[in-house]
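Residue numbering restarts at 1 for every chain, and letters A, B, ... go by the order of the sequence lines.
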Number of protein chains: 2
Amino acid sequence: MINNYKNKIISFYKKNKRMPVYTEIMKLVGFKSKNAVAKLVDKLISEGVLDKDSSGHLIPNKLIGEVPLLGLVEAGFPTMAEESVLDTMNIDDYLVKDKDSTYLLRVKGDSMIEAGIQEGDMVLAEKVSSEGSAGQKEVRDGDIVIALIDGGWTMKYYRNRTGKVFLEPANKNYQPIYPENELEVVAIVKGVIRKY
Amino acid sequence: MINNYKNKIISFYKKNKRMPVYTEIMKLVGFKSKNAVAKLVDKLISEGVLDKDSSGHLIPNKLIGEVPLLGLVEAGFPTMAEESVLDTMNIDDYLVKDKDSTYLLRVKGDSMIEAGIQEGDMVLAEKVSSEGSAGQKEVRDGDIVIALIDGGWTMKYYRNRTGKVFLEPANKNYQPIYPENELEVVAIVKGVIRKY
DNA sequence: AGTATAGGTGAACGCTCGTTCACCGTCAAG
DNA sequence: CTTGACGGTGAACGAGCGTTCACCTATACT
């Protein structure tokens, strides 16, 4: 029963992007008194499911919005007990550093297959500053970039080792691309997301 | 200046996992009157940065916590204008379906390299129900699984085509593993996360 | 010079918040 | 049969909420 309450509160949070207030929890779980909510909340807090901030408002704690981080895959799922969770992680915070210049794109084609980027994957790309803008990342040799080359868009390795700049696919079946006129690196790939 | 205010509010949200109330915004940006906050909030809402729910509380809108989703990588960064953003996406919601049975593990080794899973990647694994538990996913042939096989942990393809169950790596240098005694699939890999 | 306008102060409003207290039935242990 | 713990009701509280109104500058445009 108490787990049912917990799930309703978490559902509310996911739906409304904020924690419910006491009267909302009241209606959510079917209580007729706020005091019952207060006692429920106290219990959930002592169980580590919820948290309250200094002003009494509910806030999501680590168990909400974060994913338990176990160890290495070789070590397996250590005993499965709650105590074995090494840490928790917020995926968004892990991946997105500069919010204002990060974009997602879906990958088409297999030109980066040997870099572990497959068709259908999503890539997180951080925009390279076109002066004044937020992200002022510098492109380095070996970065995976999204570039505008001679009028066409593509995602490739950025190569600049010898001073001669070109784009290199991660697929033996394709050839490096040397720009005839234009090569503009628009974004640097900072992450890959795949869902099965 | 207004962008500075916006960032302070977003920082508050990321730090406290909830939106600030008016008096908190007041102190945050240095106002001395709540009315100034009300006017600021109105402007931010009309600019689409914030949202208010029916009870007047601030809630994060799509621009906070979600990442703009552009089109295919082949299509490039279309014009870069705000209008060209097709959609936004919450990475957590996209990846994590069953919160209570999802775990993250860091990948070691290269046995799944041909499946685009490299050493250092994070995998999202959904626990297979050990009866009564939440996730009741069924393991299917071709799934990438985390398994306990003859006492050792590993991540491999699950193969069950011919009725004979075994684990298959995605790396030509390794051989399929047939269980001598025990083969327990503990979790199914539902996603991969890589950060550069 | 005159005047809108944007952006701020300060005080007051009704309402809802989280908290607290007294109280009630159910159920299990002594 | 009594007792205590548990989980709930109902009412009341002060504090803080978002909102609103009157007012005060600067700045920019006639």
**Message:** Determine whether a donor-acceptor pair (one donor, one acceptor, N or O, separation below 3.5 Å) exists between the side chain of K39(B) and the base of dG8(C).
**Reply:** yes
**Message:** Let me spell it out: for each of A38(A) and V21(A), pick the nucleotide of DNA chain C with the closest heavy atom. Which residue's pick is nearer the 5' end?
**Reply:** V21(A)
**Message:** Can you measure M26(A) atom CE to dT19(C) atom C1' for me and round it to whole angstrom units?
**Reply:** 15 Å
**Message:** Could you tell me how far apart K27(A) (NZ) and dG8(D) (P) are, to the nearest whole angstrom?
**Reply:** 18 Å
**Fill in**
Atom OH of Y22(B) and atom P of dC15(C) are separated, to the nearest Å, by 18 Å
**Proximal nucleotide (of dT19(D), dA12(D), dT9(C)) relative to the K34(A) side chain** = dA12(D)
**Prompt:** Could you state the CE-P distance from M19(A) to dT16(C), rounded to the nearest angstrom?
**Reply:** 22 Å
**Asked** Do S33(B) side-chain and dG10(C) base share a donor-acceptor contact under 3.5 Å?
**Response** yes
**Request:** For dG8(D), take OP1 and OP2 only and decide whether either is under 4.0 Å from a side-chain N or O of K43(A).
**Result:** no
**Asked** Can E168(A) and R161(A) be counted as an ion pair, charged N to O under 4.0 angstrom?
**Response** no
**Fill in**
I59(A) CD1 to dG18(C) C1', in whole Å, measures 15 Å
**5' priority, DNA chain D, between N35(B) and L58(B) [closest heavy atom]** = L58(B)
**Complete:** Tightest non-hydrogen contact, residues V67(A) and T102(B), listed as CG1-O, 3.6 Å
**Prompt:** Atom CG of D42(B) and atom P of dC21(D): how far apart are they, to the nearest Å?
**Reply:** 13 Å
**Donor-acceptor pair, side chain of D141(B) and main chain of N160(B), under 3.5 angstrom** = yes
**Asked** Salt bridge check: are K17(B) and D51(A) linked by an N-O gap of less than 4.0 Å?
**Response** no
**Prompt:** Can you tell me how far C1' of dC6(D) sits from CG of L40(A), to the nearest Å?
**Reply:** 13 Å
**Full working for side chain to side chain contact (heavy atoms under 4.5 Å, CB included) between K6(B) and D100(A)** = CA-CA 12 Å; K6(B) 172 187 146 191; D100(A) 285 331; 4.0 Å; yes
**Asked** What is the distance from CD1 of I25(B) to C1' of dG16(D), rounded to the nearest Å?
**Response** 15 Å
**Request:** Would you indicate, yes or no, if dG7(D) has its OP1 or OP2 atom less than 4.0 angstrom from a side-chain nitrogen or oxygen of Y5(A)?
**Result:** no
**Message:** It should be established whether T23(A) places a side-chain nitrogen or oxygen under 4.0 Å from OP1 or OP2 of nucleotide dC17(C).
**Reply:** yes
